[in-house]
Q: 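Here you go, one structure.
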Amino acid sequence: MHYRSINDMNDAIVRNLHRLPPDIDLVVGIPRSGMLAANLFCLITNIAMTDLDSLLEGRIYSSGTSSKRRSALDRGLPDMRRILVLDDSIRSGKAMRAARERLEAAGLGGRVMMGAVFGIQSKHVETDFIFEVVPDPRVFQWNLMHHVILKKSCVDIDGVLCVDPTREENDDGPAYAKFLAEAFRLHAPTQRIGTLVTSRLEKYRGPTEAWLARHEIEYDKLVMLDLPSKAERQRLKAHGSFKAEVYRKSDAHLFIESEFGQAETIARVSGKPVFCVDTQQMISPDALSVAALRQELRNLPSRLRQANSAGSKIKTLARSVLGEAGYLRLKNIVKSGTTK
């Protein structure tokens, strides 16, 4: 499973600025997720930004009153030399084609370049630039809860779809019943979920199903822990192992879990990837596999990834966390360029 975070998007933009023409005066985001890419690009480069509909109406976003203003930020649309239309990713090219057709119909086609931060291949007929190749299967931090992979996923409830109960609310009694009825929703998935897997007790199925229905969360199965009480659940320490076994026996490709420790357990026991909501990380079942080391490297800020002095803190950290064997494998990955 290939995963990219917002941090990764920012890094990909910075790494590829040198490939772009220097005369870009305006970046246009393709709603919705393309707006995230466009905003990062414009904040880094300090150039003007707008969205596709606003551009076609002749409107450019205000850039505020920063002391670092450039005269180019005050240019009107007729003075824009080159326009970059940017999306977060491209697969079929449908959104790019639609955007290009609208721009050409408005007479702006001659000044427009099309780009995507992530693509499934290095070149695409609909774009002039792909910043980074991320092949399928892939998910992004900003679209995970809207991705078709949810249909082939196991998803936790508390900490993912709603907040975790507080210690006071988690009394296995009246306070917990109130929590189940009124829990604040966190994520709002727009795809049907394959299997909801929760450590909530089976006796709470009724209020759990009512809450899910009220928040219009669609799913195929709801698997709950069949134990008599919270005390018994705590005695057996059944949280992560229970979820892991359900995931292992299923045909799901991904588990979405809130708590990091449980996410690690689920990945290790199931032998399949787990996304941790609390840390926004994709966790591999084999901590020393190439995929896991590559993801660990991606989780580091770019300035640390680029550190190469013999006494650098990153080398010390890598050795202490991964051990010498893991560190050498990580070093070989970086050296061979397979993290790109």
Side-chain angles (χ1 to χ4, degrees), residues 139 141 143-234 236-267 269-270 272-283:
V139 292
Q141 179 182 353
N143 78 348
L144 182 56
M145 287 299 169
H146 314 294
H147 198 286
V148 293
I149 199 171
L150 288 182
K151 298 175 183 178
K152 282 288 187 178
S153 295
C154 293
V155 180
D156 191 16
I157 295 179
D158 297 327
V160 178
L161 300 181
C162 71
V163 296
D164 282 311
T166 64
R167 181 174 297 181
E168 293 73 23
E169 289 172 326
N170 198 10
D171 67 348
D172 205 11
Y176 188 60
K178 186 174 187 294
F179 165 79
L180 292 175
E182 301 175 358
F184 180 80
R185 189 189 69 185
L186 289 177
H187 293 97
T190 54
Q191 298 284 339
R192 189 178 185 88
I193 296 170
T195 305
L196 293 173
V197 186
T198 176
S199 295
R200 290 184 181 186
L201 302 177
E202 181 65 41
K203 64 183 180 180
Y204 295 117
R205 178 173 290 271
T208 297
E209 290 178 336
W211 185 92
L212 292 166
R214 185 161 62 253
H215 290 280
E216 300 181 332
I217 296 172
E218 299 182 348
Y219 57 95
D220 292 331
K221 292 188 293 184
L222 171 60
V223 181
M224 307 183 76
L225 191 56
D226 195 7
L227 291 174
S229 67
K230 170 190 171 185
E232 183 67 6
R233 180 179 61 196
Q234 290 177 330
L236 295 174
K237 298 180 180 179
H239 296 77
S241 58
F242 160 69
K243 296 173 183 176
E245 281 302 308
V246 174
Y247 183 31
R248 184 180 67 82
K249 295 175 181 177
S250 75
D251 62 353
H253 302 317
L254 182 65
F255 198 111
I256 302 175
E257 163 63 35
S258 61
E259 199 268 325
F260 184 74
Q262 289 190 50
E264 285 191 312
T265 298
I266 296 167
V269 174
S270 68
K272 295 191 279 188
V274 178
F275 181 76
C276 178
V277 171
D278 283 357
T279 62
Q280 295 292 301
Q281 289 177 248
M282 189 68 68
I283 300 172

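Quick note: numbers below take in every heavy atom, side chains included, and nothing from hydrogens, waters or symmetry partners.
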Q: To check you understand the geometry: which heavy-atom pair defines the closest contact between S258 and D278, and what is its length?
A: O-CG, 2.7 Å

Q: For D226, give me all partners under salt bridge (charged side-chain N to carboxylate O under 4.0 Å, His left out), at least two apart in sequence or on another chain.
A: none

Q: How about F184 and V163: do any of their side-chain heavy atoms sit closer than 4.5 Å?
A: yes

Q: Measure the CD-CD1 distance between E209 and I217 for me, rounded to the nearest 0.5 Å.
A: 13.0 Å

Q: I'd like to know whether I157 forms a side-chain contact (heavy atoms from CB on, under 4.5 Å) with L222, so could you lay out the CA-CA distance, the side-chain angles of the two residues, the decisive distance to 0.1 Å, and finally the verdict.
A: CA-CA 10 Å; I157 295 179; L222 171 60; 3.9 Å; yes

Q: Taking side chain as C-beta onward, heavy atoms only, is Y204 less than 4.5 Å from D172?
A: yes

Q: Could you check whether any side-chain N or O of Q280 sits under 3.5 Å from a backbone N or O of V277, counting only pairs where one atom can act as donor and the other as acceptor?
A: yes

Q: With side-chain contact (heavy atoms from CB on, under 4.5 Å) as the criterion, how do W211 and C162 come out once you've worked through the C-alpha distance, each side chain's angles and the decisive distance to 0.1 Å?
A: CA-CA 10 Å; W211 185 92; C162 71; 3.6 Å; yes

Q: A quick test of your reading: do over 12 heavy atoms of other residues, nucleotides or ligands sit less than 6.0 Å from NZ of K203?
A: yes

Q: Which is it for T265 and K243 under the side-chain contact (heavy atoms from CB on, under 4.5 Å) test, yes or no, and what are the steps along the way?
A: CA-CA 9 Å; T265 298; K243 296 173 183 176; over 6 Å; no

Q: List the atom of H187, the atom of P189, and the distance in Å for their closest heavy-atom pair.
A: O-CD, 3.4 Å

Q: Taking all non-hydrogen atoms of both residues into account, name the closest pair between C154 and V197 and its distance.
A: CB-CG2, 3.8 Å

Q: Side chain to side chain donor-acceptor pair (under 3.5 Å): which pairs involve residues 188-198, sequence neighbours left out?
A: H146-T190, R192-D220

Q: For V274 and Y247, work out which heavy atoms get closest and say how close.
A: CG2-CE2, 4.1 Å

Q: Kindly indicate, with the supporting measurements, whether the criterion side-chain contact (heavy atoms from CB on, under 4.5 Å) is fulfilled by F179 and T166.
A: CA-CA 9 Å; F179 165 79; T166 64; over 6 Å; no

Q: If you round to the nearest 0.5 Å, how far is CE of M224 from CG of L196?
A: 9.5 Å

Q: Might you confirm whether atom CZ of R214 has over 12 heavy atoms from other residues, nucleotides or ligands at distances under 6.0 Å?
A: yes

Q: Do you know the tightest heavy-atom contact between L180 and P207?
A: CD1-CG, 4.0 Å

Q: Which residue is it: L150, L144, I256? I am looking for the one with a side chain to side chain contact (heavy atoms under 4.5 Å, CB included) to V139.
A: L144

Q: Spell out, as yes or no, whether a donor-acceptor pair under 3.5 Å connects the side chain of R200 to the backbone of D158.
A: no

Q: With a 4.5 Å cut-off on side-chain heavy atoms, are L161 and L212 touching?
A: yes

Q: Which heavy-atom pair separates R248 from E245 by the least distance, and what is that distance?
A: NH2-OE1, 2.7 Å

Q: Between atom CD1 of I283 and atom CD of E264, what is the distance when rounded to the nearest 0.5 Å?
A: 5.5 Å

Q: To the nearest 0.5 angstrom, please state how far the CD atom of E218 sits from the CD atom of E216.
A: 8.5 Å

Q: Without swapping roles, check the side chain of S153 against the backbone of V155 for a donor-acceptor pair under 3.5 Å.
A: no

Q: Report yes if the side chains of F242 and V223 come closer than 4.5 Å at any heavy-atom pair, otherwise no.
A: yes

Q: Please report the interatomic distance CZ(F255) to CD1(I266), rounded to the nearest 0.5 Å.
A: 4.0 Å

Q: In Å, rounded to the nearest 0.5 Å, how long is the span from CG of L254 to CE of M282?
A: 5.0 Å

